[in-house]
Amino acid sequence: MRILIIGAGMYVTGRNNTGTGTILSSIAQYSKLNEVEEVVVVARSKKNAAIIEKETNRINQTINSQLKTSYESISSSADLADEAMNVQGRFDAAIISVPDHLHFEYAKVLLELGVKTLIVKPLTPTLGEALELRDIQKQTNTYAAVEFHKRWDETNLITRQFINQGKLGQVLYYEVGYSQRISIPLETFKGWSDKTNIFQYLGVHYVDLFYFLTGYKPMRCMALGTNGVLKQKGIDTWDSVHVMLEWQNTKTGDLVVSNLNTNWIDPNVSSAMSDQRYKVIGTKGRLEIDQKNRGVEYISETDGIQQMNPYFSEYLEDANGNLQFQGYGHRSIAQFLSDVAQIESGNSTMNDFEGKRPDIQSSLVSTAVVEAVNKSLTANGAWVNVENIEEIEWN
Ligand SMILES: NC(=O)c1ccc[n+]([C@@H]2O[C@H](COP(=O)([O-])OP(=O)(O)OC[C@H]3O[C@@H](n4cnc5c(N)ncnc54)[C@H](O)[C@@H]3O)[C@@H](O)[C@H]2O)c1
């Protein structure tokens, strides 16, 4: 398999000591058991060439893989369509990991070229863009998905099972608290944090998750934000975003209320990069999931107190003592790569995965909510209807 990666940032390489990075390590792990001939990373800065080489060496040494990568700098998405790059003939799969507002333009070019594509979340900030991508994908019959890795986290699979088995009774409400350290907008995403907001970039995960858990239809929302801390530091975006979002179980007509509180101004001494927890409350029971405190607390004089999540993206030993890249972040990316391999070998078709993956069709839901939330934010918290997506079959 020949893979193109767009973007050379934190999620690809783990730059700025933000951890291991997920995308390159996942591909390297996948390549230990499956054929991966070539990985080409493209982004704008020429400086990334050295970073990609260094990170590839680090990963290969860590997990004993033999991944071969190279780097090319491009100036815009138009370069991908350039015949000299030969994207269409050269790559079996692409992974897009650039800032939120650029997902659309890269995905459009790749899907038009018929390259099977995985797009990091959010699919796009607006429903119009997402629908355009869905239409291109259908016309060109190209497999595509969004990297909503929370769908692979076992704690969420328990929630889904309990809801489906009726253990919670009729779901009444869903409450989410999700925040990140202020270093994320100030340092890590300094170049683009004012072009997104904390709900669009992060809160979207828990919108997709609730849709995945229930299949319910988002109906209307109201959103309020607070600001000041980031603005004072020259970044014009909300410090926190608070969303009241109503869903409908279209089978029974029952309404469900969700309440999502997000911020990205947590102190840098917070015990984890992401503080995240949610509750699902039903007529017969409740589930409370702490996705920050997974029971692993590390306390040291140099690193302070840290609550660690060993289940997302980690190098952990297998039974033979060899480090392997593991976690639900890895499984989400490996699933896409194995889907591509299945389709290419003729063992599966794109239709086999329909409704079973965070594909473009299913990711229209979270993007429709992001758009409605952004409208409500700019209308001082007015109620905004979530655009109806007629083609989706709701539960
Ligand atoms: N960091 C995470 O844990 C995480 C997890 C899941 C998804 N994401 C998503 O991944 C995307 C990227 O996140 P990141 O953490 O890698 O960000 P980042 O800021 O670290 O990296 C962004 C990369 O995009 C490149 N880039 C910027 N503009 C470009 C352009 N016009 N053309 C080509 N390349 C361009 C930059 O050079 C950089 O390599 C975002 O949409 C984010 O929401 C991040």
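In each ligand, atom 1 is the first atom listed, and ligand 1 is the first ligand listed. One is the number of the first residue; the rest follow in order along the sequence.
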**Message:** Students should be able to answer this: which protein heavy-atom is nearest to atom 1 (N) of ligand 1, and at what distance?
**Reply:** Met10 CE, 3.2 Å

**Asked** Right, does atom 33 (C) of ligand 1 have protein non-hydrogen atoms nearer than 4.0 Å?
**Response** yes

**Prompt:** If hydrogens are left out, which of Tyr11, Phe312, Phe148 has an atom nearest to atom 2 (C) of ligand 1, that is, the closest non-hydrogen atom?
**Reply:** Tyr11

**Request:** Give the residue and atom name of whichever protein heavy atom lies nearest to atom 37 (O) of ligand 1, and the separation in Å to one decimal.
**Result:** Ala43 CB, 3.8 Å

**Prompt:** Heavy atoms only: which of Leu102, Ile184, Val98 is nearest to atom 28 (N) of ligand 1?
**Reply:** Leu102

**Request:** List every atom of ligand 1 that sits less than 4.0 Å from any heavy atom of Asp100, numbering the atoms from 1 in the order shown and giving each element.
**Result:** 40 (C), 41 (O), 42 (C), 43 (O)

**Request:** Show the numbers, then the answer: is there a side chain to side chain contact (heavy atoms under 4.5 Å, CB included) between Leu230 and Ile182?
**Result:** CA-CA 9 Å; Leu230 292 171; Ile182 195 167; 4.0 Å; yes

**Request:** Ignoring angles and geometry beyond distance, decide whether Gly9 reaches within less than 3.5 Å of ligand 1 through its nitrogen or oxygen atoms.
**Result:** yes

**Prompt:** What protein heavy atom sits nearest atom 10 (O) of ligand 1, and how far off is it?
**Reply:** Val120 CG2, 3.1 Å

**Prompt:** Hey, is ligand 1 close enough to Ala8 that some N/O pair sits below 3.5 Å?
**Reply:** yes

**Message:** If the cut-off is 4.0 Å to any non-hydrogen atom of Tyr201, which atoms of ligand 1 fall inside it?
**Reply:** 43 (O)

**Fill in**
If you scan protein heavy atoms around atom 24 (O) of ligand 1, the nearest is Pro99 CD, 3.5 Å

**Asked** Does any N/O atom on Ser75 come nearer than 3.5 Å to any N/O atom on ligand 1?
**Response** no

**Asked** Among all protein non-hydrogen atoms, which one is nearest to atom 17 (O) of ligand 1, and what is the separation to 0.1 Å?
**Response** Phe189 CE2, 3.3 Å

**Asked** Has Ser97 got any heavy atom lying under 4.0 angstrom from an atom of ligand 1?
**Response** yes

**Prompt:** Can you tell me which residue and heavy atom of the protein come closest to atom 19 (O) of ligand 1, and the distance to 0.1 Å?
**Reply:** Trp192 NE1, 2.9 Å

**Prompt:** So is Ser45 polar-close to ligand 1, meaning N/O to N/O under 3.5 Å?
**Reply:** no

**Request:** Determine whether the side chains of Asn395 and Lys217 contain a donor N or O and an acceptor N or O closer than 3.5 Å.
**Result:** no

**Asked** How close do Gln88 and Leu113 get, heavy atom to heavy atom, and via which atoms?
**Response** NE2-O, 3.0 Å

**Request:** State whether a side-chain donor-acceptor pair under 3.5 Å links Gln291 with Tyr206.
**Result:** yes

**Prompt:** Does any N or O atom in His205 lie less than 3.5 angstrom from one in ligand 1, N or O only?
**Reply:** no

**Message:** With a sphere of 6.0 Å drawn around CD of Glu393, does it hold more than 12 non-hydrogen atoms of other residues, nucleotides or ligands?
**Reply:** no

**Request:** Would you please say whether a donor-acceptor pair under 3.5 Å links the side chains of Gln361 and Glu354?
**Result:** no

**Asked** Phe212 ring centre to Arg160 NZ or CZ under 6.0 Å, with the angle to the axis within 45°?
**Response** yes

**Prompt:** Can you tell me if Asn374 and Gln200 form a side-chain donor-acceptor pair at under 3.5 Å?
**Reply:** yes

**Message:** Test ring-ring contact (aromatic ring centres under 6.0 Å, His included) on Tyr328 and Phe312; report intermediate values, then the result.
**Reply:** CA-CA 5 Å; Tyr328 54 84; Phe312 171 43; 5.3 Å; yes

**Message:** So for atom CD, which belongs to Glu288, do other residues, nucleotides or ligands contribute more than 12 heavy atoms lying within a distance under 6.0 Å?
**Reply:** yes

**Asked** Does Tyr143 have Lys116 sitting over its ring (NZ/CZ under 6.0 Å from centre, angle to axis within 45°)?
**Response** no

**Val146 vs Val120, side chain to side chain contact (heavy atoms under 4.5 Å, CB included): CA-CA, chis, key distance, verdict** = CA-CA 6 Å; Val146 179; Val120 293; over 6 Å; no

**Fill in**
Among non-hydrogen protein atoms, atom 7 (C) of ligand 1 lies closest to Lys121 CE, 3.5 Å

**Geometric N/O contact Tyr106 with ligand 1, under 3.5 angstrom** = yes

**Message:** Among all the protein's non-hydrogen atoms, which is closest to atom 18 (P) of ligand 1, and how far away is it?
**Reply:** Arg15 NH2, 3.4 Å

**Prompt:** At a non-hydrogen distance cut-off of under 4.0 Å, which region of His103 contacts ligand 1 (side chain, backbone, both, or neither)?
**Reply:** side chain

**Message:** With a 6.0 Å cut-off (strictly less than), is the heavy-atom count around CD of Glu53, excluding the residue itself, greater than 12?
**Reply:** no

